[in-house]
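Only one structure is covered here, and it is reproduced in the block below.
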Amino acid sequence: MFLKQVLYFSLARLALGQLDAIPAGFDTDRWAWWSNEDPLLAVIPGQFNRTLWDAPSAANVSDQRVQAINEHVNQSSFVAYDERFFEIIGPNATVEQLQVLPFQVHEASCYIPETGQLFFIEWGPPGGVNGSHDWQYLLDLHVVTDGGPDETPYLATIDPYTLERKTILNNYFEQPFISFNDLELDREGNYYLTDSYSGWGRSLHPYAAPTSPTVYFVNGTTLRIKPLTFLYPGNANGITLSPDGKTLYLADTGASDSSQKPGVRRDNYPRDLWAWDFATSSSGEKLPLLTNQRLLSRAIQYFYDGIRVSRNGWLFGAGGETVDVLDPESGWTLGSIRVGGGGNDPVNIAFGKHEMWIIGKGGVWHVKNIRERLDKRWT
């Protein structure tokens with residue numbers, strides 16, 4: 001027995017020594033390095049398996065050295081797959097859970113630096129004890145809704161001080177929307193809306209879907225509306241724009257099939273991150289017309305729900321146990337920010353200058369002391 005323990009300890013230290021080949025100054029208790037340049041990860045000995053819904057570090061593996069690697073990853077906050085991830089995040093970043101919440105979807109995060117407030121909502125049937133909470137959710141300044149028993153989905157603004165709502169748009173040429181999921185705004189104040197099956201699949205309203213999941217463009221001045229793309233099979237979810245506004249990114253969460261009640265998971269349905277460029281007119285004007293569609297990535301685990309672009313153009317995607325950071329040109333996943341596993345699942349994010357907030361199932365997390373500045377430049 002003693003010899004077995006010594007052998008296991010030696011193998012584990014060897015595996016961790018390979019995994020922890022990270023730059024000087026980075027705490028190996030918080031950081032892990034995952035690369036197929038390590039032969040142990042490129043060709044896993046023995047038996048191994050995981051579903052697409054599970055994180056790689058949750059895989060069933062028979063090799064004790066790989067088990068040791070997975071254990072280390074599960075105890076870390078940051079997992080790098082590319083050296084650029086170290087440069088983006090930096091050695092001083094930490095992850096802290098600020099608030100423990102029910103394992104219910106928390107969404108629509110927005111940070112207002114002028115007031116120091118983080119705004120978010122709870123989506124779906126209430127969580128907590130018997131559906132009640134001893135805290136209050138605040139709402140974003142621009143919101144889209146699933147609708148409800150007596151109203152169809154709509155786009156609105158809400159005053160963060162008085163909580164007064166002003167509905168802006170609730171139809172596409174007298175056709176109700178399905179169930180709004182996310183929105184993005186550009187520098188000119190135009191809206192980009194994702195209309196999805198999600199609310200219908202969770203019985204948040206009684207109205208059947210009149211069309212396939214759709215991405216809409218809405219002119220912020222005239223409210224003139226135009227579909228940009230349809231998804232079938234699939235589901236329109238997180239949406240964001242590149243810093244220059246020339247590229248649109250969309251998370252397709254069709255693998256969580258809400259086109260029927262109750263919704264079901266489908267392993268062979270889309271869970272992809274797409275990119276399009278905007279077409280331009282003969283005079284060089286940006287048009288509400290998408291071109292050059294390309295698949296950037298398929299999530300390593302689960303799918304991306306909320307997606308955001310940082311000031312320098314990096315893509316952040318929340319889903320499964322992590323927030324992943326991706327290269328917007330190649331689609332490479334550079335690294336993952338973890339929130340502890342155990343059912344804690346990021347759903348959406350909000351940026352400050354050198355910090356970000358992660359909202360999801362299980363709570364709210366604060367990632368601070370990030371090296372690169374994240375918040376968008378609006379002027």
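Evaluation of the side chain to side chain donor-acceptor pair (under 3.5 Å) rule for Trp332 yields no partner, not counting sequence neighbours. By the side chain to side chain contact (heavy atoms under 4.5 Å, CB included) test, Glu37 pairs with Ser35, sequence neighbours left out. Among residues two or more places apart in sequence or in another chain, the salt bridge (Lys or Arg N to Asp or Glu O under 4.0 Å) test is passed with Asp375 by Arg311, Arg373. Phe217 is linked by a ring-ring contact (aromatic ring centres under 6.0 Å, His included) to Tyr192, counting only residues two or more places apart in sequence or in another chain. Applying the salt bridge (Lys or Arg N to Asp or Glu O under 4.0 Å) criterion to Glu83, with sequence neighbours excluded, gives no partner residue. Every residue two or more places apart in sequence or in another chain that forms a ring-ring contact (aromatic ring centres under 6.0 Å, His included) with Phe316 is listed here: Phe351. Applying the ring-ring contact (aromatic ring centres under 6.0 Å, His included) criterion to Tyr172, with sequence neighbours excluded, gives Tyr216. With sequence neighbours left out, Phe303 forms a ring-ring contact (aromatic ring centres under 6.0 Å, His included) with no residue at all. Not a single side chain to side chain donor-acceptor pair (under 3.5 Å) links Asp195 to another residue, sequence neighbours left out.
The structure places CG of Asn268 at 14.5 Å from CZ of Arg265, a figure rounded to the nearest 0.5 Å. Here the CG-CG distance, from Leu193 to Asn181, works out to 11.0 Å after rounding to the nearest 0.5 Å. One finds the CG atom of Asn292 at 12.5 Å from the CZ atom of Phe278 (value rounded to the nearest 0.5 Å). Here CH2 of Trp365 is found 15.0 Å from OG1 of Thr94. Values are rounded to the nearest 0.5 Å. With rounding to the nearest 0.5 angstrom, the OG atom of Ser196 is 10.0 Å from the CZ atom of Phe180. For the atom pair Trp53 CH2 and Asp267 CG, the distance stands at 6.5 Å (nearest 0.5 Å).
There is a side-chain donor-acceptor pair under 3.5 Å between Ser198 and Asn235. Side-chain contact check for Thr167 and Arg165: at least one donor-acceptor pair (N or O, by modelled atom type) lies under 3.5 Å. Counted by atom type alone, His354 and Glu372 present zero donor-acceptor pairs between their side chains at under 3.5 Å. A donor-acceptor contact under 3.5 angstrom links the side chains of Asp324 and Thr322, judged on distance only. Asn74 and Ser57 share a donor-acceptor pair across their side chains, judged by distance under 3.5 Å alone.
Cluster membership for Leu185 and Leu290, using ILVMFWY side-chain heavy atoms within less than 4.5 angstrom, is not shared. Leu248 and Tyr191 fall into different hydrophobic clusters, defined by Ile, Leu, Val, Met, Phe, Trp and Tyr side-chain heavy atoms under 4.5 Å apart, directly or through other members. Linking ILVMFWY residues whenever their side-chain heavy atoms come closer than 4.5 Å, directly or via other members, places Ile44 and Leu41 in the same cluster. Residue Leu289 is not grouped with residue Trp276 when hydrophobic side chains (ILVMFWY) are merged at heavy-atom distances under 4.5 angstrom, including chains of intermediate members. By the rule that hydrophobic residues join a cluster once side-chain heavy atoms approach within less than 4.5 Å of another member, Phe173 and Val218 end up as members of one cluster.
For the pair Asp38 (side chain) and Leu40 (backbone), a donor-acceptor distance under 3.5 Å is present. For the pair Asn171 (side chain) and Gln175 (backbone), a donor-acceptor distance under 3.5 Å is absent. A donor-acceptor pair is defined here as one N or O able to donate and one able to accept, closer than 3.5 Å; no such pair exists between the side chain of Arg271 and the backbone of Asp252. Within the 3.5 Å criterion, the main-chain N or O of Gly362 finds a donor-acceptor partner in the side chain of Gln97. Thr162 places a side-chain N or O within donor-acceptor distance of the main-chain N or O of Glu164, the cut-off being under 3.5 Å. A donor-acceptor pair under 3.5 Å is formed between the side chain of Ser242 and the backbone N or O of Thr247.
In this structure, the side chains of Asn219 and Leu223 stay at 4.5 Å or more apart for every pair of heavy atoms. The shortest distance between side-chain heavy atoms of Phe85 and Ile337 falls below 4.5 Å. A 4.5 Å side-chain heavy-atom check between Asn237 and Ser256 finds every atom pair outside the cut-off. Between Val325 and Arg84, the closest side-chain pair of non-hydrogen atoms is not below 4.5 Å. Using a 4.5 Å cut-off on side-chain heavy atoms (C-beta onward), Trp357 and Leu98 make contact. The shortest distance between side-chain heavy atoms of Ile69 and Trp34 falls below 4.5 Å. With a 4.5 Å cut-off on side-chain heavy atoms, Leu169 and Ile225 count as touching. For the pair Ile349 and Val323, the minimum side-chain heavy-atom distance is below 4.5 Å.
What you find for Ser336 and Tyr81 is that their closest heavy atoms are OG-OH, 2.9 Å. In plain terms, the two heavy atoms of Pro176 and Pro210 that are nearest each other are O-CG, 3.2 Å. Across all non-hydrogen atoms, the minimal contact from Thr28 to His72 is O-CE1, 2.9 Å. When all heavy atoms of Arg338 and Glu321 are compared, the pair lying nearest together is NH2-OE1, 3.4 Å. Nearest heavy-atom pair across Leu228 and Pro288 is CD2-O, 3.2 Å. Taking every heavy atom of both residues into account, Asp27 and Asp29 meet most closely at OD1-N, 2.8 Å.
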Hey, mind stepping through Trp314 and Ile88 against side-chain contact (heavy atoms from CB on, under 4.5 Å) and telling me if it holds?
CA-CA 9 Å; Trp314 305 112; Ile88 296 167; 3.5 Å; yes
Could you walk me through whether Val367 and Phe78 pass the side-chain contact (heavy atoms from CB on, under 4.5 Å) test, one step at a time?
CA-CA 11 Å; Val367 188; Phe78 306 97; 4.2 Å; yes
Determine, stepwise, if the pair Asp182 / Arg308 fulfils salt bridge (charged side-chain N to carboxylate O under 4.0 Å, His left out).
CA-CA 11 Å; Asp182 204 352; Arg308 290 291 176 260; 3.6 Å; yes
Evaluate the side-chain contact (heavy atoms from CB on, under 4.5 Å) criterion for residues Phe230 and Thr211: first the C-alpha distance (whole Å), next the side-chain angles of each, then the deciding distance (0.1 Å), finally the verdict.
CA-CA 9 Å; Phe230 296 89; Thr211 186; 3.9 Å; yes
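The list of salt bridge (Lys or Arg N to Asp or Glu O under 4.0 Å) pairs with a residue in residues 275-292, not counting sequence neighbours, reads Asp277-Arg294.
Under a cutoff of 6.0 Å and an axis angle of 45°, Arg371 and Phe86 do not form a cation-pi pair.
The hydrophobic cluster containing Leu315 also includes Tyr249, Leu273, Leu296, Tyr304, Ile307, Val309, Leu326, under a criterion of side-chain heavy atoms closer than 4.5 Å among ILVMFWY residues, counted directly or through chains of members. Cluster note: Tyr197 groups with Ile178, Tyr232 through ILVMFWY side-chain heavy atoms spaced under 4.5 Å, whether in direct contact or through intervening members.
The existence of a salt bridge linking Lys376 and Glu184 is confirmed by a sub-4.0 Å separation between a basic side-chain nitrogen and an acidic carboxylate oxygen.
Counting heavy-atom neighbours within 6.0 Å of Gln47 CD, excluding the residue itself, gives a total of 12 or less.
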